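See below for the structure under consideration.
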Amino acid sequence: MKLSSRGVARLQGRHPWVYRSDITEEKDVPPGSVVRVHDPRGKFLGTALYSSSSQIAIRMISHGSVPDLPALVAERIRAAIAYRKELVRNTDAYRIVFSEADFLPGLIVDRYNDVLTVQILTQAMDAAPVRKAIVRTLAELLCPAAAGLRPAGQVRAPAPTSEWAITEAPQLAGIVERVEARIRELEQLPPLESRLLWGEKSSTEFRMNGVRFHYDGLEGQKTGAFLDQRENYAAAAEYAHGEALDAFCYQGGFALHLALHPAAKCSSVTGVDSSRPALEMAEKNAALNGRELEWIEANAFDLLREYAAAGRRYDTIVLDPPAFAKTKRDLEKALGGYKELNLRAMKMLRPGGILVTCSCSFHVGAADFLGVVADAARDAHKSLRLVENRGAAKDHPILLNVPETSYLQCLILSVSN
Ligand code: SAH
């Protein structure tokens with residue numbers, strides 16, 4: 001497969017993606033195949049995974065030859081786990097493999113205590129020998145007591161070993177594949193149901209920063225917490241105090257930390273979300289920790305407006321809305337949304353109050369987000385000090401030169417008048 005000089009420049013810039021428009025020569029390449037990539041003069045550049053349907057036609061997997069893709073995938077998974085052992089603390093839930101950022105484009109693996117979830121996002125990762133290598137490697141590394149590979153439903157509860165112990169978690173008891181129908185459709189892959197791939201357990205409890213959560217890998221709605229916010233939950237707890245409001249609380253990630261983390265000094269915590277099932281799970285999570293909190297089902301924009309008009313005040317507000325900019329075209333509108341939310345929150349915060357404000361829109365860059373929060377402060381007639389400027393937890397690595405791996409912003413600010 002040959003690339004245009006623009007495609008070559010992208011690879012030389014250490015970005016693994018080449019778009020279809022930069023492929024100048026492709027001869028009968030089957031979907032999902034491993035391809036050797038050349039520059040316009042025929043010089044070998046490395047090996048990539050090909051997609052016949054995505055606009056991202058190839059994703060580089062090596063700058064050399066790849067004679068055995070399943071073996072390379074196994075080696076990379078091993079390296080990803082070793083990397084987490086260095087970096088991850090205070091949790092038994094974290095991302096084990098983050099696609100391009102772990103040099104495994106199209107594969108995401110999350111750990112929730114003794115249950116893993118696997119997401120396969122591309123044709124190449126979906127190939128049967130690759131799938132087999134993924135499951136076998138995860139099971140062998142994380143459940144060494146279960147000798148050999150047994151299909152789903154046939155693993156007896158294994159004895160604990162220290163292999164898997166970033167905390168004192170037990171060994172792996174199940175691997176679930178979570179399927180997003182739309183992604184398979186876009187990759188022109190046959191439909192699949194989410195299901196158990198290995199072991200017998202698909203739901204469990206996990207802990208982050210000492211706070212407990214339920215997880216069910218086969219529930220319709222994703223459960224648990226947002227793993228990328230794990231370190232931000234603990235950071236927010238360091239400064240949180242007084243009356244606290246978590247405006248897009250989902251299943252309680254921030255709210256529970258504000259209420260339960262030993263560093264947090266909150267007198268009350270209220271969680272708001274527009275999704276009833278999310279709040280029901282938040283309530284169950286609180287109960288798992290032996291606590292009851294206030295959960296309000298509402299549109300956060302309306303509620304903040306109403307509360308502000310009624311003169312309600314808080315000492316801590318967390319804003320972690322869904323991505324407002326799903327595409328570049330949404331950017332202006334998204335910035336408007338972030339500004340409005342932050343402005344309302346700033347007006348409701350008492351002097352000395354803490355604002356934890358997040359954006360998970362990749363299209364809203366770090367500078368854009370800081371800019372919009374600064375604009376909100378100007379309009380709110382408040383001075384804010386930036387206490388911490390944070391991103392995703394370390395188990396979601398940012399690969400330099402691959403901006404797509406950096407998508408989460410989390411600012412912790414202290415409000416003055
Ligand atoms: N902070 C959460 C994650 C939030 S995800 C955590 O760390 O776990 C975004 C949440 O916003 C989702 O739960 C979604 O249901 C909720 N949401 C989306 N639009 C909303 C709105 N207008 N008002 C309130 N909640 C909303």
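Every value quoted in this text rests on a predicted model; they were computed, and no experiment measured them. Reckoned from all heavy atoms, side chains included, excluding hydrogens, waters and symmetry mates. Indexing begins at 1, ligand by ligand and atom by atom, following the structure's order. Counting begins at 1 with the first residue of the sequence.
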side-chain hydrogen bond (donor to acceptor under 3.5 Å, both in side chains) between Tyr338 and Ser361, worked out: CA-CA 11 Å; Tyr338 288 118; Ser361 304; 2.7 Å; yes
Single hit among Phe226, Trp295, Tyr233 for ring pair (Phe, Tyr, Trp, His ring centres under 6.0 Å) with Tyr250: Phe226
One thing to verify: whether Glu177 and Arg131 come together as a salt bridge, which I'm taking to mean a side-chain N less than 4.0 angstrom from a carboxylate O. yes
By number and element, which atoms of ligand 1 are closer than 4.0 Å to a non-hydrogen atom of Ala298? 23 (N), 24 (C)
Below a 4.0 angstrom heavy-atom separation, can you tell me which part of Cys358, side chain or backbone, both or neither, approaches ligand 1? neither
Are Tyr112 and Asp110 close enough that some pair of their side-chain heavy atoms sits under 4.5 Å apart? yes
Does Val272 reach ligand 1, in the sense of a heavy atom lying below 4.0 Å from it? no
Distance-only N or O hit between ligand 1 and Ala300, under 3.5 Å: yes
So, Glu404 and His15: side-chain donor and acceptor under 3.5 Å apart, yes or no? yes
Answer yes when Arg378 and Asp375 have at least one side-chain N-carboxylate O distance shorter than 4.0 Å, and no when they do not. yes
Can you find an N/O atom of Asp273 closer than 3.5 Å to an N/O atom of ligand 1? yes
Gln229, any N or O under 3.5 Å of ligand 1 N or O: no
Verdict with reasoning, Ile77 to Leu107, per side-chain contact (heavy atoms from CB on, under 4.5 Å): CA-CA 10 Å; Ile77 291 175; Leu107 177 66; 4.2 Å; yes
At less than 4.0 angstrom from any non-hydrogen atom of Tyr250, what atoms of ligand 1 do you find? 2 (C), 3 (C), 4 (C), 8 (O), 13 (O)
Any N or O of Tyr233 that comes nearer than 3.5 Å to an N or O of ligand 1? yes
Going by the atom numbers of ligand 1, which of them fall below 4.0 Å from some non-hydrogen atom of Ser275? 15 (O)
